[in-house]
Each structure stands twice: as structure tokens, then as C-alpha cells.
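To start, the structure itself, in C-alpha cells.
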Amino acid sequence: MPPQAQSHQHDHDHPHAEIAQSGRPGYYDMLETAVRELLIERRLIGPDEIRRQIELLDSRNPALGAQVVARAWVDPGFRTRLLADGRKACEELGISFYDDTLLIVLENTDRVHNLIVCTLCSCYPRPVLGLPPDWYKLKPYRSRAVVEPRAVLAEFGTVIPDDVEIVVHDSTAMIRYLVLPKRPAGTENYSEAQLAALVTRDTMIGVVPVTVESERVMP
């Protein structure tokens with residue numbers, strides 16, 4: 001097990017803050033705005049450079065990750081390469097990386113369920129998923145996912161059997177994780193595009209499983 005991964009399987013009987021989204025700007029949103037304005041004021045970066053970076057970030061969304069997952073489900077060779085080197089396998093599909101981060105892909109099985117968190121801030125596989133959801137950046141998720149993952153997953157409606165190990169992976173500035181969820185039963189005759197339409201952002205973070213009812217509208 002890598003040093004960033006931790007396994008936790010204990011119950012709890014103490015009150016806690018629920019995982020919820022906030023409509024107000026978060027700490028990191030305000031920090032980003034302040035730093036950006038300061039850099040422009042000091043002429044260290046220009047508005048055009050910021051615009052190009054924003055356009056690059058906006059071009060990334062969970063549909064890219066869904067494409068990767070679907071390919072891994074239908075192509076055993078690609079799945080093997082993906083688990084061995086996530087970044088290199090994604091680049092096979094034309095998904096470029098604009099930073100120096102590593103991408104480790106974690107496969108959910110009948111015996112192991114993987115969950116991704118960043119306890120320090122909001123490190124996230126943005127090249128393949130785009131921007132993280134608000135709840136991923138909030139302190140209740142960042143702290144509780146490590147110490148009581150079963151409770152956190154239950155709040156997303158995900159109940160993991162007691163005989164399945166939950167492994168929590170803590171992202172870092174240089175190491176990002178992507179969950180390869182289990183392929184749902186009854187999809188043997190689905191095309192790759194149909195499979196990709198079942199894969200959502202949350203399934204690739206590990207908070208919910210992929211189901212045939214989870215089909216999303218492709219952007």
C-alpha cells in the first residue's frame with residue numbers, strides 16, 4: 001500500500017458535520033482571486049495568460065475521465081497499461097497533461113473500494129476530470145473521509161459491505177488519483193460510448209458506484 005493510502009473500517013457514534021455544498025465563496029476561491037489580482041498588479045502575469053489557462057482548464061471535464069474508464073472496461077490491454085501508468089495511458093487517448101503530476105489509477109474490485117481525498121487542500125486529477133466539486137474542497141470531507149470513510153460514503157448513498165476493504169488515498173501536489181470503478185452488471189452489450197455515458201465524476205472519485213441508472217448527458 002503506498003504511503004498516501006490509508007485503510008479505515010471502524011464505526012462511529014459521535015456527531016459530525018455533514019458533507020454539504022456551500023453557496024458562498026470558499027477560502028481557496030478568495031485566496032485565488034487575491035493572488036491573481038496581486039500577480040496582475042505586479043505585472044508578473046498578464047490577463048491574456050490567465051485567459052488562456054482558464055480556457056485550458058475549462059476544456060477539461062469528467063467526460064475525458066469517462067472515456068478512459070470505458071476504454072479500460074472494453075480493452076484489457078489498455079486497462080493493464082492504465083493501471084501501470086495512468087498518465088501515459090491517458091495520453092494514448094489524446095488527453096494531454098499540462099503539469100508534472102503523476103496519475104495513479106486505482107481499480108475497485110469485489111474486495112477493495114478506493115476513495116480519493118486531499119486532506120491538505122484540493123489536489124485533484126484536473127487534466128482528466130476538470131475542476132473539483134465544492135464538497136471535495138470542504139474541510140468536513142477532507143477530514144472525515146480519512147477517519148470515517150464508511151460514514152462519509154453512506155451520506156452519498158453508498159453502503160460498502162463490511163467484508164470490502166475501503167482504502168483512502170490522499171492526493172499530493174505531485175500525485176493524483178483516479179478511481180477505475182467496477183463495470184455494472186447488465187452492460188455486456190453496451191458500446192464504449194454507452195459505457196462512458198454511465199460514468200460520472202463522483203464514480204471516479206469513489207464516492208458512488210457506476211449503475212445503469214447513472215447515465216449522464218454528455219457535454
Side-chain angles (χ1 to χ4, degrees), residues 5 7-9 18-21 58-84 86 89-90 92-95 103-117 124-136 141 144-145 148-169 171 176-219:
S7 175
H8 305 271
Q9 299 191 64
E18 293 186 355
I19 307 300
Q21 297 190 23
D58 286 345
S59 71
R60 307 307 172 102
N61 59 65
L64 295 173
Q67 178 187 359
V68 172
V69 170
R71 178 63 59 85
W73 283 344
V74 302
D75 185 339
F78 178 79
R79 172 183 163 277
T80 299
R81 296 192 298 275
L82 180 68
L83 296 175
C90 288
E92 289 183 31
L93 302 183
I95 301 173
L103 180 65
I104 297 177
V105 179
L106 313 155
E107 184 177 24
N108 282 352
T109 68
D110 291 336
R111 302 184 63 180
V112 175
H113 182 91
N114 296 288
L115 179 65
I116 300 173
V117 68
Y124 186 76
R126 298 186 183 213
V128 290
L129 291 186
L131 297 176
D134 288 342
W135 55 260
Y136 183 86
Y141 177 79
R144 291 182 50 226
E148 49 181 6
R150 290 185 186 275
V152 169
L153 289 171
E155 291 175 18
F156 285 91
T158 302
V159 178
I160 304 298
D162 292 338
D163 60 349
V164 176
E165 180 185 13
I166 299 177
V167 183
V168 180
H169 301 267
S171 301
R176 310 297 168 86
Y177 297 99
L178 180 75
V179 172
L180 174 58
K182 293 170 57 179
R183 179 173 175 170
T187 60
E188 294 77 14
N189 296 322
Y190 277 43
S191 68
E192 188 172 333
Q194 288 174 314
L195 288 171
L198 299 177
V199 182
T200 65
R201 175 200 65 199
D202 291 359
T203 65
M204 293 179 281
I205 300 174
V207 293
V208 297
V210 177
T211 68
V212 293
E213 291 80 20
S214 63
E215 184 170 359
R216 57 184 170 77
V217 177
M218 295 291 288

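All residue numbers refer to positions in the sequence shown, counting from 1. Computed over heavy atoms, backbone and side chain alike; hydrogens, waters and symmetry mates excluded. None of the values given here were measured: they were computed from a predicted structure.
Between Arg183 and Tyr190 the shortest heavy-atom distance is NH2-O, 4.4 Å. The two residues Ala196 and Ala66 come nearest to each other via the heavy atoms O-CB, 3.4 Å. Shown here for Tyr141 and Ile205, the closest heavy-atom pair between the two residues is OH-CG2, 4.0 Å. The two atoms that bring Ser171 and Tyr136 nearest to each other are OG-OH, 3.8 Å, heavy atoms only. Smallest separation of non-hydrogen atoms from Leu106 and Tyr177: CD1-CD2, 3.6 Å. Closest approach of Val210 to Lys182, counting heavy atoms only: CB-O, 4.0 Å.
When atom types are taken as modelled, the side chain of Arg176 and the backbone of Tyr124 share a donor-acceptor pair closer than 3.5 angstrom. Formation of a donor-acceptor pair under 3.5 Å by the Asn114 side chain with backbone atoms of Glu107 is found in this model. At least one donor-acceptor pair closer than 3.5 Å links the side chain of Arg150 to the backbone N or O of Ile160. Of the possible polar contacts, none joining the Arg81 side chain to the Cys90 backbone as a donor-acceptor pair under 3.5 Å is found. Under a 3.5 Å cut-off, the side chain of Trp73 and the backbone N or O of Leu180 do not form any donor-acceptor pair.
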>> Between Asp110 and Val164, does the side-chain contact (heavy atoms from CB on, under 4.5 Å) criterion hold? Intermediate values first, please.
In response: CA-CA 7 Å; Asp110 291 336; Val164 176; over 6 Å; no

> So Met204 and Val68, side-chain contact (heavy atoms from CB on, under 4.5 Å) or not? Walk me through it.
Replying inline: CA-CA 10 Å; Met204 293 179 281; Val68 172; over 6 Å; no

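At least one side-chain heavy atom of Leu131 sits under 4.5 Å from a side-chain heavy atom of Arg126. Counting only heavy atoms from C-beta outward, the side chains of Thr187 and Val212 approach each other to under 4.5 Å. For the pair Val179/Thr203, no side-chain contact is recorded, criterion being any heavy-atom separation below 4.5 Å from C-beta on. Pro125 places none of its side-chain heavy atoms less than 4.5 Å from the side chain of Ile116. Residues Thr158 and Pro209 form a side-chain contact, since some pair of their non-hydrogen atoms from C-beta on lies under 4.5 Å apart.
Rounding to the nearest 0.5 Å places CG of Leu93 at 9.5 Å from CG of Leu64.
With sequence neighbours left out, the side-chain contact (heavy atoms from CB on, under 4.5 Å) criterion links Glu192 to Ala70, Arg71, Val74.
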